[in-house]
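Here the structure comes first, spelled out in structure tokens, and everything after it is commentary.
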Amino acid sequence: MPDLTGLNRSWEIIKTSGRMIDFCVIKQLAKTYNIRTGKWILHTGTGIKVDHFWSLIANATVNGHLGMATKCTPFNNGDNDETRRQDDKRHVIIMYNDDFTIESNVFMLESAIRQAGIRCQIHYKPDVYTHLGIYRNNQWNLRPIIYTSQYDILKQTSVIKRHFDNN
């Protein structure tokens with residue numbers, strides 16, 4: 001069972017200790033407090049694009065081929081198009097897995113996403129970063145996105161880039 005209270009208590013101690021904070025520290029916290037879930041994230045526009053991507057993902061999920069859960073964010077149809085942020089004009093499709101600390105599980109889900117027909121760039125983010133309030137441009141220069149996957153159409157394979165040192 002995840003222990004968010006313990007995670008946050010330890011995080012506060014680590015932040016004030018002067019200890020270097022890197023991917024290995026975050027990963028160890030995730031293991032210690034059982035916050036191991038993560039997600040592949042696909043950003044897409046509205047309309048036929050999101051409908052197409054979501055139909056591929058939803059069908060693969062229903063048929064038991066994709067992770068533990070998936071979701072698609074709704075379009076924010078605010079009253080004032082001029083003041084709406086650019087991000088609000090996009091959808092995010094998320095495909096979850098249960099343990100980011102086992103790299104083969106993360107890559108197996110990425111492969112299943114590709115087998116479902118998704119060929120655009122996707123990113124992987126462990127949920128522990130969100131629970132710790134670590135987002136991009138943070139004071140520790142940590143990248144909450146730990147993998148980026150591009151699909152090489154010519155080679156018919158994924159190219160996955162790691163954004164961390166695993167020392």
Side-chain angles (χ1 to χ4, degrees), residues 1-8 11 23 26-27 29-81 83-138 142-151 153 157-164:
M1 176 137 251
D3 179 5
L4 293 174
T5 303
L7 173 73
N8 287 312
W11 178 236
F23 174 75
I26 303 303
K27 186 176 178 180
L29 284 170
K31 286 181 174 183
T32 300
Y33 297 102
N34 200 29
I35 315 292
R36 298 178 185 215
T37 55
K39 56 196 163 263
W40 281 103
I41 304 166
L42 181 161
H43 296 271
T44 186
T46 60
I48 197 159
K49 261 186 155 178
V50 71
D51 292 345
H52 173 70
F53 288 145
W54 181 241
S55 70
L56 295 173
I57 296 299
N59 284 327
T61 302
V62 167
N63 291 321
H65 303 296
L66 282 186
M68 54 187 268
T70 57
K71 71 178 181 181
C72 181
T73 61
F75 177 66
N76 182 357
N77 194 11
D79 292 337
N80 187 347
D81 275 348
T83 60
R84 194 172 346 143
R85 291 187 1 236
Q86 188 63 31
D87 288 350
D88 291 341
K89 297 178 183 179
R90 299 181 57 77
H91 291 274
V92 179
I93 298 175
I94 299 171
M95 295 127 305
Y96 291 94
N97 81 314
D98 59 358
D99 195 340
F100 82 91
T101 67
I102 303 173
E103 194 171 66
S104 61
N105 288 356
V106 173
F107 292 168
M108 199 176 338
L109 178 56
E110 188 273 347
S111 179
I113 293 165
R114 298 308 185 190
Q115 289 174 12
I118 302 299
R119 300 292 183 255
C120 60
Q121 183 179 61
I122 55 178
H123 306 281
Y124 189 85
K125 180 183 179 186
D127 289 336
V128 68
Y129 284 88
T130 302
H131 291 299
L132 295 175
I134 300 173
Y135 302 98
R136 65 181 165 196
N137 301 321
N138 58 72
L142 293 171
R143 290 189 68 167
I145 299 296
I146 64 171
Y147 302 108
T148 299
S149 172
Q150 298 270 19
Y151 191 79
I153 298 289
T157 189
S158 294
V159 177
I160 300 174
K161 182 176 179 185
R162 287 178 178 83
H163 301 292
F164 61 89

Problem set entry | Side chain proximity check, Ile146 to Pro126, heavy atoms < 4.5 angstrom | yes

Seminar exercise, completed: Correct closest heavy-atom pair for Ile35 and Phe100 would be O-CE2, 3.8 Å

For this session: Taking all non-hydrogen atoms of both residues into account, name the closest pair between Val50 and Cys72 and its distance.
Result: CG2-SG, 3.7 Å

Exercise. So, do Lys71 and Tyr96 sit near enough that their side-chain heavy atoms are less than 4.5 Å apart?
Worked result: yes

Exercise. Between Leu66 and Ile57, is any pair of side-chain heavy atoms under 4.5 Å apart?
Worked result: yes

For this session: Taking all heavy atoms of Trp40 and all of Val106, pick out the closest pair and write down the distance.
Result: NE1-O, 3.1 Å

Problem set entry | Exercise: identify the closest heavy-atom pair between Phe23 and Leu142 | N-CD2, 3.8 Å

Problem set entry | Counterpart residues, side chain to side chain contact (heavy atoms under 4.5 Å, CB included), relative to His163 (two or more places apart) | Arg143, Ile145, Thr148, Lys161

Problem set entry | Nearest heavy-atom neighbours spanning Arg36 and Lys31 | NH2-O, 3.4 Å

Exercise. Quick one: does Lys27's side chain get under 4.5 Å of Thr101's, heavy atoms only?
Worked result: yes

Problem set entry | Under the side chain to side chain contact (heavy atoms under 4.5 Å, CB included) test, residues paired with Met108 that sit two or more places apart | Asn105

For this session: Answer yes or no: is there a side-chain heavy-atom contact under 4.5 Å between Gln150 and Ile160?
Result: no

Exercise. Is it true that a side-chain atom of Asn63 and a backbone atom of His65 form a donor plus acceptor pair closer than 3.5 Å?
Worked result: no

For this session: May I ask you to test the Thr61-Met95 pair for a side-chain heavy-atom distance under 4.5 Å?
Result: no

For this session: Keeping the roles fixed (side chain from Asn8, backbone from Thr5), state whether a donor-acceptor pair exists under 3.5 Å.
Result: no

Exercise. With sequence neighbours left out, what residues match Arg162 under side chain to side chain contact (heavy atoms under 4.5 Å, CB included)?
Worked result: Glu103, Phe107, Tyr147, Phe164

For this session: Decide yes or no on side-chain hydrogen bond (donor to acceptor under 3.5 Å, both in side chains) for Asn97 and Tyr124, but give the supporting numbers first.
Result: CA-CA 10 Å; Asn97 81 314; Tyr124 189 85; 2.4 Å; yes

For this session: Nearest 0.5 Å please: distance from the OG1 atom of Thr73 over to the CD1 atom of Ile93.
Result: 8.0 Å

Exercise. Does a side-chain heavy-atom distance below 4.5 Å link Ile122 with Ile41?
Worked result: no

Problem set entry | More than 12 heavy atoms from other groups under 6.0 Å of CD1 on Ile48 | no

For this session: Hey, could you give me each pair passing side chain to side chain donor-acceptor pair (under 3.5 Å) that has a residue in residues 110-119? Not counting sequence neighbours.
Result: Glu110-Arg114, Glu110-Ser149, Glu110-Ser158, Ser111-Gln115, Arg114-Ser149, Arg114-Ser158

Problem set entry | Heavy-atom pair of closest approach, residues Leu56 and Ala116 | CD2-O, 3.4 Å

For this session: Take Leu7 and Leu132 through the test side-chain contact (heavy atoms from CB on, under 4.5 Å) and record every step on the way to the result.
Result: CA-CA 8 Å; Leu7 173 73; Leu132 295 175; 3.6 Å; yes

Problem set entry | Steps toward side-chain hydrogen bond (donor to acceptor under 3.5 Å, both in side chains) verdict (Asp98, Thr37) | CA-CA 4 Å; Asp98 59 358; Thr37 55; over 6 Å; no

Exercise. Can you tell me if Asn138 uses its side chain to pair, donor with acceptor, with the backbone of Ile134 under 3.5 Å?
Worked result: no

For this session: Show your reasoning for whether side-chain contact (heavy atoms from CB on, under 4.5 Å) applies to His123 and Lys39.
Result: CA-CA 8 Å; His123 306 281; Lys39 56 196 163 263; over 6 Å; no

Exercise. Of all residues at least two apart in sequence or in a different chain, which pass the side chain to side chain contact (heavy atoms under 4.5 Å, CB included) check with Ser104?
Worked result: Ile102

Problem set entry | Step-by-step side-chain contact (heavy atoms from CB on, under 4.5 Å) determination, Tyr33 to Leu4 | CA-CA 7 Å; Tyr33 297 102; Leu4 293 174; over 6 Å; no

Problem set entry | ring pair (Phe, Tyr, Trp, His ring centres under 6.0 Å) partners of Trp54, counting only residues at least two apart | none

